[in-house]
Amino acid sequence: MNGAGNAFAIFDARDRKFTPDADRIRAIAEQMQADQVMSIERDTMVDSYLRIWNSSGEEVDACGNGTRAVAHLLLAEAQKDQVKIRTNAGVLKGQKADNGLVTIDMGSPLMGWEDIPLSEKMDVRGVDVRIGPMDKPYLAKPAVVSMGNPHAVFFVDDVDAYDIPNIGPLVEWHPLFPEGVNVGFAQVIDRETIRLRVWERGAGLTKACGTGACAALVCAARAGKTERRAKLILDGGELIIHWQESDDHVLMTGPVELEMSFEV
Ligand SMILES: N[C@H](CCC[C@H](N)C(=O)O)C(=O)O
């Protein structure tokens with residue numbers, strides 16, 4: 001499946017064990033050209049438990065587009081209006097939206113330096129990540145936030161002017177981010193539109209990143225650059241992100257596509 005172009009290999013492990021090691025994840029991701037591999041497992045309290053691995057093999061706690069894709073499957077299967085999916089970042093609610101789109105409630109953003117986490121105490125609205133020689137730092141200070149996974153967002157004038165495959169890895173494993181970080185390059189078009197490209201931790205430059213879109217919107221709205229609801233234009237499609245004032249939750253709405261399914 002894919003969510004706005006973010007590609008997933010999803011295993012239904014509710015009736016069969018799926019316990020891959022990192023090598024197996026890497027092989028599956030390579031063969032299926034997937035950014036993430038996920039498994040749907042039984043859960044005693046909610047509709048399902050979802051495990052998520054990056055294509056580079058390590059298990060992670062959050063994947064916004066992937067959770068939307070699984071919600072789409074479970075909503076269709078159960079003929080329900082809402083499903084609850086347990087992830088290692090918490091229980092998330094998915095529901096149908098208009099025009100065949102799917103909405104996931106990603107919960108509240110986390111903004112403490114120890115939540116991201118950062119390796120030292122800093123103001124998360126502008127952390128100083130020096131890349132390149134001291135006299136010629138590549139980029140301005142990113143804003144950082146966690147959506148259950150760490151994000152650094154650089155606000156730039158033109159996302160296409162940045163050599164993301166070279167700069168992304170320098171930030172992804174910068175010493176300031178002890179657990180690594182997803183790296184967003186966000187261009188504010190107007191107060192309700194952001195163009196975004198994301199170098200994902202453990203997956204590289206993907207066509208879309210759901211938690212990255214949430215992170216970019218939260219950092220933009222927090223800095224007064226946009227409203228709390230905006231359209232995020234990614235390489236693979238568009239996501240509507242709404243950081244609700246009522247409950248501080250971030251809702252993500254967008255397309256999901258089932259590309260193929262088969263018994264293994
Ligand atoms: N690369 C991310 C996980 C996948 C996030 C992305 N695919 C999304 O839709 O949120 C991380 O290491 O935290």
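For clarity, every value in this text was computed on a predicted model and none was experimentally measured. Every number for a ligand or one of its atoms is a count from 1 in the order of the listing.
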Between the side chains of [Y] and [X], is the shortest nitrogen-to-carboxylate-oxygen separation below 4.0 Å, so that they form an ion pair?
{"X": "R201", "Y": "E172", "answer": "no"}
{"X": "R229", "Y": "E192", "answer": "no"}
{"X": "R26", "Y": "D23", "answer": "yes"}

Original post:
Do other residues, nucleotides or ligands put more than 12 heavy atoms under 6.0 Å from R191 CZ?
Top reply: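 Yes, because the 6.0 Å sphere around CZ of R191 holds more than 12 heavy atoms from other groups.
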**OP:** Run through ligand 1 for me and note each protein residue having a heavy atom under 4.0 Å from it, chain first, then residue number.
**Re:**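 The 4.0 Å shell around ligand 1 contains N6, Q36, N54, V60, A62, C63, G64, N65, N149, N182, E200, R201, C209, G210, T211.
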Original post:
In this structure, which one of R86, R14, K84 forms a side chain to side chain donor-acceptor pair (under 3.5 Å) with D43?
Top reply: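 Among R86, R14, K84, the one that satisfies the side chain to side chain donor-acceptor pair (under 3.5 Å) with D43 is R86.
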**OP:** Starting from M1, walk the hydrophobic network (Ile, Leu, Val, Met, Phe, Trp, Tyr; side-chain heavy atoms closer than 4.5 Å) and list everyone else you reach, by chain and number.
**Re:** F8, I10, M38, I40, L50, I52, V60, V70, L73, L74, L75, V83, I85, V102, V256, L258
